[in-house]
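This report concerns only the one structure given below.
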Protein chains: 2
Amino acid sequence: MRERPSSPPRSAARPTTLSVDLVVIGPQAGSLAVLLTRAAESRVRERWTLPWDAPRGEEALGDAATRLARATLGTAPGTPEQIRAFGDNRRHPGDAEVSVGFFALVPEVERRLPDGGPAWFGRANLPTLAPRHRAIVDAAFDAVRDRLDQTPLAFQLLPPTFTLTELQAIYELLLDRPLHKASFRRALQAAYLVEPTEEWRSEGRGRPAQLFRYAPHKRRDNRRGVRFDLLTG
Amino acid sequence: MRERPSSPPRSAARPTTLSVDLVVIGPQAGSLAVLLTRAAESRVRERWTLPWDAPRGEEALGDAATRLARATLGTAPGTPEQIRAFGDNRRHPGDAEVSVGFFALVPEVERRLPDGGPAWFGRANLPTLAPRHRAIVDAAFDAVRDRLDQTPLAFQLLPPTFTLTELQAIYELLLDRPLHKASFRRALQAAYLVEPTEEWRSEGRGRPAQLFRYAPHKRRDNRRGVRFDLLTG
DNA sequence: GACTTTAGTATCACCGCGCTACTAATTCGC
DNA sequence: GCGAATTAGTAGCGCGGTGATACTAAAGTC
């Protein structure tokens, strides 16, 4: 179990085939959907793939992800966030040895696409993807869930104004569990995250809902004790 | 702001120089220390670097990080965890275009090293590192702090048995803020994470402390509401 | 105009958290 | 010896956030 520390290894950067792969997530009919593109090259086994490409020249990884998002959507979503690097031996459509995954979130209203190109697939109805792409998609949803209470990701999935019921529905989708209405609103109020507009939206039956916008105000630094009850593993 | 979605880009994985870079962290005299190796090659500007190398052949990224840790320490720490990929244009000692950072944690007792090789540096007294290595070190500490309440990382920085005061000190080091003793222990007790041994350790003055070991037992699934008070940005 | 549906609020009990204050067991100084 | 100092560990209190039930408000449906 214990080895002699050998002479320090002569490190060298080795040329490696690299890709940047993007998971665009948007709400769709009460679920979450992922944007996939048609695999052009015939040698690729699966019909659909995540948008991906290699960074060009001196292009930074995040810039490559942004370029991919623009090229695929025709519009700019929020800045893509990195998930992590995937460098096991699972197969990649372009046979990249290492892939760096990113996710980007778009509100429902931005999901107009030309025919014959990319298309949305509900999370539960994804077609078969290359194994590495499958892993990147799963990791994307995990990453969004994990970062949900550190970063205001939920608002990227909503239009500029929204009802509190819509906001709660987004949280429930991302967390995959129901939330308590009164508690949700109380916590939201206490954080000064949203402000009401003058508009109300009447959607079919029932009382109209007031529209809110994301407007983070005063932030109380809220450093709490340690949580031991979330430990996994 | 809006572009026509051009014809789908012809994606291709491009050869890129890649490195795996490791941040080994261990407690040292009431602070945290990082393991650095002497830069062998003269063309490298800085005298010290993080241990790094390119993955070999079909080697997975995590396996390369484990190999680096063994080669540098002469012993196996816990499995290294990935931080993320670093692909901006900050300079890397081996001029890698993309670097994948990992961190590994070792308890104090494992930090015996031969002379003339790698050495420990306190977090506050790090020598000048290549800009990308500096960024990886900072990201490593952030990642450990962020994952502290999801993963039992703190116990990797302690020997198999430890006192509760030592455990609390590790948490305070990683979080960089003081914690309340009574609250810390109450939360720990409620999580059934540790169990007492029969041993007590008398360390200089004061009442001896009981030794505990990490032994996670019954886990109550504790799904709580949403936190809005941690949002940054 | 009663019923249904959805939005939003009030109230209460509980529990986790931070705080202060206390007890317990050891070493140090004289 | 014996009290002071030092460190370990616990008890009790009050505040505030959480989740539950139950309520009011405003719209559509028949």
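In what follows, chains are A, B, ... by sequence order, proteins preceding strands, each numbered from 1.
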Assess the residue pair B/R213 and B/T161 against the criterion (side-chain hydrogen bond (donor to acceptor under 3.5 Å, both in side chains)); give the C-alpha distance rounded to whole Å, side-chain angles, the decisive distance to 0.1 Å, and a yes or no. CA-CA 5 Å; B/R213 75 167 63 88; B/T161 66; over 6 Å; no
Check the pair B/F228 / A/Y192 against ring-ring contact (aromatic ring centres under 6.0 Å, His included), numbers first and verdict last. CA-CA 9 Å; B/F228 295 105; A/Y192 299 100; over 10 Å; no
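OP1 or OP2 of C/dG18 sits under 4.0 Å from a side-chain N or O of B/S183. Side-chain N/O atoms of A/R205 include none lying less than 4.0 angstrom from OP1 or OP2 on D/dA27. OP1 or OP2 of C/dA7 sits under 4.0 Å from a side-chain N or O of A/T165. A close approach under 4.0 Å does occur between a side-chain nitrogen or oxygen of B/R185 and OP1 or OP2 of D/dG9. Considering only side-chain N and O atoms, A/H180 lies under 4.0 angstrom from the phosphate OP1 or OP2 of D/dA20.
Taking the nucleotide of DNA chain D with the nearest heavy atom to each of B/G225 and B/P208, the more 5' of the two is matched to B/P208. Nearest-nucleotide positions on DNA chain D place A/A182 closer to the 5' end than the other of A/A182 and A/G206.
Atom C1' of nucleotide D/dG17 and atom CG of A/L188 are separated by 15 Å, given to the nearest angstrom. Atom CZ in B/R227 sits about 13 Å away from atom C1' in D/dG16, given to the nearest Å. A straight line from CZ of B/R223 to C1' of D/dG19 spans 14 Å, rounded to a whole angstrom. Remark: C1' of D/dT18 and CZ of A/R224 are 11 Å apart, rounded to the nearest angstrom. Following rounding to the nearest Å, A/K181 (NZ) and D/dG19 (C1') show an atom-to-atom distance of 14 Å. Separating the CD atom of A/Q210 from the P atom of C/dT9 is a distance of 9 Å, rounded to the nearest angstrom. Rounded to a whole Å, the CD atom of A/Q189 is 7 Å from the P atom of C/dT9. Rounded to an integer number of Å, the gap from CZ of B/R207 to P of C/dC22 is 18 Å.
B/H133 and B/E46 are not linked by any side-chain donor-acceptor pair at a separation below 3.5 angstrom, with hydrogens and angles left out of the test.
The cationic atom of A/R186 (NZ for Lys, CZ for Arg) does not lie both less than 6.0 Å from the six-membered ring centre of A/F184 and within 45° of the ring axis.
With hydrogens and angles ignored, a donor-acceptor pair under 3.5 angstrom links the side chain of B/R186 to the base of C/dG18.
Residues meeting the salt bridge (Lys or Arg N to Asp or Glu O under 4.0 Å) test with A/R123, sequence neighbours left out: none.
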